[in-house]
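Structure record follows, encoded as structure tokens.
Throughout, numbering of the chain's residues begins at 1 and tracks the sequence. Bear in mind the structure is a predicted one, so any value in this text is a computation, not a measurement. In listed order, ligands and their atoms are each counted from 1.
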Amino acid sequence: MSDVTTKSQTNTSQNSYTNILTATEDNIAIVTLNRPKVLNALNHELMTELTDALAGFDQDSAIGAIVITGGDRAFAAGADIKEMSDETAINIMLQNKFATWDKIRAVKKPIIAAVSGFALGGGCELMMNCDIIIASETAQFGQPEINLGVIPGAGGTQRLTRIVGKYKAMELILTGRPVTAAEALAMGLVNRVLPVELYLEEAKTLAKQIAGKSQVAVQLAKEAVLKNYDMSLTEGLEFERKNFYMLFASDDQKEGMKAFLEKRPAKFTGK
Ligand code: DAK
């Protein structure tokens, strides 16, 4: 065993991304969602950059694990409502821009989410695509899509139900109520909760620990765990997505998203 302690060095990559930051530190990669003015709302450009960066690190033999994080105020407050609000059911289905999200599932290396502040809607779903979740005490989690007149569309109805069970998932998805980090820990939605000044370091430490293992074993272990977890998920995801797209034919989706953007309560008609 070496008696020389090497200090971690963070290398921030020079790349053309505008909505994320990427860096490497020892044998891990760190991807930071970076649209702080809109609480890291996940627009298509950000998702394209994120999945491109993840695919790159997945191919990079020097990297053993990936950390995805946001800012202390927000991991991500969901998909970009402004970008979605005027979509039509047919357009959203034909263009299928949301298909980018599927690429996260293809990442073979372990992904650790370091989550602080808002992890809502697509933000919570992005987090649930990760393999281990470290939260700050200020984190809050939820699926508020119902308040916009839609439903979760990136796996929330399927993954959240598998993680926390039917009754908790129903409550969160049907009411849109966010839960605190402490509640999330109690329901098994996160691995552990730390003070805000420590959560990211903890995630990096864990990532380095995993990156130090046999990479082939780590990848096959991840694949095996997901295989078990994944059974019959595909059908559920397809069903959920069709219903998500179909809701863009409703008045309530138009009203819900418009009301959000106008900062007023929505008036739903059930049509
Ligand atoms: N989209 C766009 N802008 C957002 C946003 C979002 N999701 N969340 C926040 N912002 C913007 C706000 O509009 C505001 O912008 P300005 O007015 O300053 O220009 C800025 O971020 C700061 O937000 P607030 O002023 O609202 O900040 P507050 O602290 O008062 O409130 C909040 C924070 C997080 C409680 C609130 O912003 C909020 O409720 N945000 C919306 C949360 C939400 O409803 N999220 C779910 C969105 S729907 C799919 C994949 C993904 C999805 C669906 C399908 N497929 C693969 C098919 C995902 C859908 C969703 O996530």
Heavy-atom distances under 4.0 Å decide this one: backbone, side chain, both or neither, for [X] against ligand 1?
X: E83; answer: neither
X: M47; answer: neither
X: A41; answer: side chain
X: L148; answer: side chain
X: F118; answer: side chain

Hey, is ligand 1 close enough to [X] that some N/O pair sits below 3.5 Å?
X: P144; answer: no
X: K263; answer: yes
X: G153; answer: yes
X: R73; answer: yes
X: A77; answer: yes

Next on the checklist: Under a 4.0 Å threshold between the charged nitrogen and the carboxylate oxygen, would D58 count as salt-bridged to K108?
Outcome noted: no
Checklist entry - If you measure from the Lys or Arg side-chain nitrogens to the Asp or Glu carboxylate oxygens, is any gap between K258 and E255 under 4.0 Å? => result no
Checklist entry - Is K168 atom NZ crowded by more than 12 heavy atoms from other residues, nucleotides or ligands, each under 6.0 Å away? => result no
Checklist entry - Do other residues, nucleotides or ligands put more than 12 heavy atoms under 6.0 Å from D86 CG? => result no
Checklist outcome for this item: Taking only non-hydrogen atoms of L120 and a 4.0 Å limit, the atoms of ligand 1 in range are 34 (C)
Item to check | Element-labelled atoms of ligand 1 that are located less than 4.0 Å from some non-hydrogen atom of G122 | outcome: 58 (C), 60 (C), 61 (O)
Checklist entry - Counting N and O atoms only, with roles assigned by atom type, does the side chain of N40 sit under 3.5 Å from a partner on the main chain of F75, one being a donor and the other an acceptor? => result yes
Item to check | Any W101 side-chain heavy atom under 4.5 Å of L42 side chain | outcome: yes
Checklist outcome for this item: side-chain contact (heavy atoms from CB on, under 4.5 Å) test vs L160 passes for just one of E125, M187, M128, namely M128
Checklist entry - Hey, what's the ring geometry for H44 with F98, parallel, tilted or perpendicular (30° and 60° as the breaks)? => result perpendicular
